[in-house]
Amino acid sequence: MEILNIIQSIRTPALDELMVNITRLGNGGMFWIFLAVLLMCFKKTRRSGVSAAAAMIIGSVVFTLILKNIVCRARPYTMPGAILDAASLLIPPPADYSFPSGHSMASFACASAIFLNNRKIGIAASVLGAAIAFSRMYLYVHYPSDVLCGIIFGIASGVFSNFLLDKVLKKHEGKLSAYFG
């Protein structure tokens, strides 16, 4: 809670608005889904898009749908001693559990999968992912450990999706070469 309280001490109206808008980019993974689909539209970036989509699916199922409901960690604003409560949040209170951060997981699943295939786009995606992850703590809806584990699980999903894609492409080398180049 101490780190969250320190973050709360830097709040300003301008940062409040910026963080609300940044976190919205991660809502439902919609920005990342859009980016993956966009990357799939071009042969040069298709591998990045397919890997990013697979990473988000893997991460969402394993970490967001399953692990979140096993751990059942309450959100920071619901805990005794919290300096903010649901009524004072800048965003609507999330209805699900806190651990791990789904925003952080999806952001880094996508960013790491892209980075492993296209460093230039991957670096930009990682910077945005880091901003989204930080916004979750700034908005008092995740603990630092939720965000850190979301990042780690996201990166693991990105690496694993690339591993799987490599296996599929190797197995069907001739058949998919026209699609992936």
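Numbers for residues simply follow the sequence, beginning at 1.
Environment of CD in Glu17: sparse, with no more than 12 heavy atoms of neighbouring residues, nucleotides or ligands closer than 6.0 Å. Within a 6.0 Å sphere centred on CZ of Phe31, heavy atoms belonging to other residues, nucleotides or ligands number more than 12. For Phe160, the CZ atom counts as loosely surrounded, since its 6.0 Å shell holds 12 or fewer non-hydrogen atoms of other residues, nucleotides or ligands.
Using modelled atom types and a 3.5 Å distance limit, the side chains of Asn27 and Arg24 yield no donor-acceptor pair. Donor-acceptor pairing under 3.5 Å is lacking for the side chains of Ser104 and Arg136. A side-chain donor from one of Asp146 and Ser98 sits under 3.5 Å from a side-chain acceptor of the other.
Between Ala113 and Ser161, the shortest heavy-atom contact is CB-OG, 3.9 Å. Smallest separation of non-hydrogen atoms from Asn118 and Ser48: CB-OG, 3.7 Å. Nearest approach of Met105 to Ser157, heavy atoms of both residues: SD-OG, 4.4 Å. The two residues Pro94 and Tyr77 make their nearest non-hydrogen contact at O-OH, 3.2 Å.
The backbone N or O of Val147 lies less than 3.5 Å from no partner atom in the side chain of Ser101, so there is not a single donor-acceptor pair.
The aromatic rings of Phe153 and Phe63 sit parallel to each other, their planes meeting at less than 30°, with 60° as the upper class boundary.
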- Start with the C-alpha gap between Asp96 and Arg75, add the side-chain angles, then the distance that decides, and say whether salt bridge (charged side-chain N to carboxylate O under 4.0 Å, His left out) holds. CA-CA 9 Å; Asp96 62 349; Arg75 297 216 178 238; 2.5 Å; yes
